[in-house]
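Shown next, in structure tokens, is the structure this report addresses.
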Amino acid sequence: MPARIRDFIRVAEMYGFTVDSSGGKHNWRVRRPGARVYTLPAHNGSKSELSDPYINAFCRQYELDRDEFWQLLRGELKERIS
Amino acid sequence: MQKKQCLLRVLVSRCEAQWVSHCLDLDLVSEGATLRDAVDAVVEAIDMVVREDVQQGLDPLDRKRAPREFWDRWFEVMTTGVPLDPARDERDVSELATLVKVVRDLHPALDRELREELELLPDAWQIATLERLRESGCARRG
């Protein structure tokens, strides 16, 4: 099920990420101190929807608990457990 | 100027109403409303992370690679697909495997990267599988 980009940003911020929307036509940047940058597909700007493969790859890249991340995205969890 | 180049493998698949583009060497995923947009989006994403890594003195190829299942899909498309005909309606395309070339100029004395350029290989290198394999799309993507 796709996730809305604003929900993704809300959850990513819980993990200490910031989003930089400048510089790209198709992508924004996601950063966390001490970690490599990752990109955020935003071809429809703030109305973009993110696919499951993107969310899963993001979690792999930063070794985040995928189930927890999805629960936070769906609003089933209000805050991080891990 | 000494040049160093590498090829990054990209797999593009349908996922619901979007196309998902995945650079396997960097485990970097982007998306687009059309096949071409998805390819353009992942080329831009690669450019962004390669530049940032190089600016920080990091080797982009040290990033984690995509899991094995995606590599298996990429090789399957490469071996069973056909060259993408630009005139073909993208609704006929199920998956696309392609390559992005990264060329880095190296400082001759320091072996340090000075700049890098990205280039999507020509259409002949864009290998597509057609609609018959569509059921292998989004649902099985990890």
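By convention in this document, chain letters (A, B, ...) are assigned in the order of the sequence lines, proteins followed by strands, and residues within each chain are numbered from 1. In this text, all values refer to a predicted model and were calculated from it rather than measured experimentally. Only heavy atoms go into these numbers, but all of them, side chains included; no hydrogens, no water, no symmetry mates.
Of residues 39-49 of chain A, those residues lying under 4.5 Å from chain B by any heavy-atom pair are A:T39, A:P41, A:H43, A:E49.
Here the OH atom belonging to A:Y38 is positioned 9.0 Å from the CG atom belonging to B:L26, to the nearest 0.5 angstrom. Here B:D40 contributes atom CG and A:H26 contributes atom NE2; the two are 5.0 Å apart, rounded to the nearest 0.5 Å.
For the pair B:H22/A:P53, no side-chain contact is recorded, criterion being any heavy-atom separation below 4.5 Å from C-beta on.
Counted within 6.0 Å of CD on A:E76, heavy atoms from surrounding residues, nucleotides or ligands total more than 12; the atom is thus considered enclosed. Atom CZ of A:R6 has 12 or fewer heavy atoms from other residues, nucleotides or ligands within 6.0 Å.
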Under the side chain to side chain contact (heavy atoms under 4.5 Å, CB included) rule, what do B:K64 and A:R60 come out as? Steps first, then yes or no, please. CA-CA 9 Å; B:K64 291 176 193 154; A:R60 277 197 306 273; over 6 Å; no
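For A:Y62, the ring pair (Phe, Tyr, Trp, His ring centres under 6.0 Å) partners are A:F17, A:F58, not counting sequence neighbours.
Both the backbone and the side chain of B:V49 come within less than 4.5 Å of a heavy atom in chain A.
Between the side chains of B:E31 and A:S51, a donor-acceptor pair is found at a separation under 3.5 Å.
The two atoms that bring B:A41 and A:N27 nearest to each other are O-ND2, 2.9 Å, heavy atoms only. In terms of heavy atoms, A:R36 sits closest to B:D53 at NH1-OD2, 2.8 Å.
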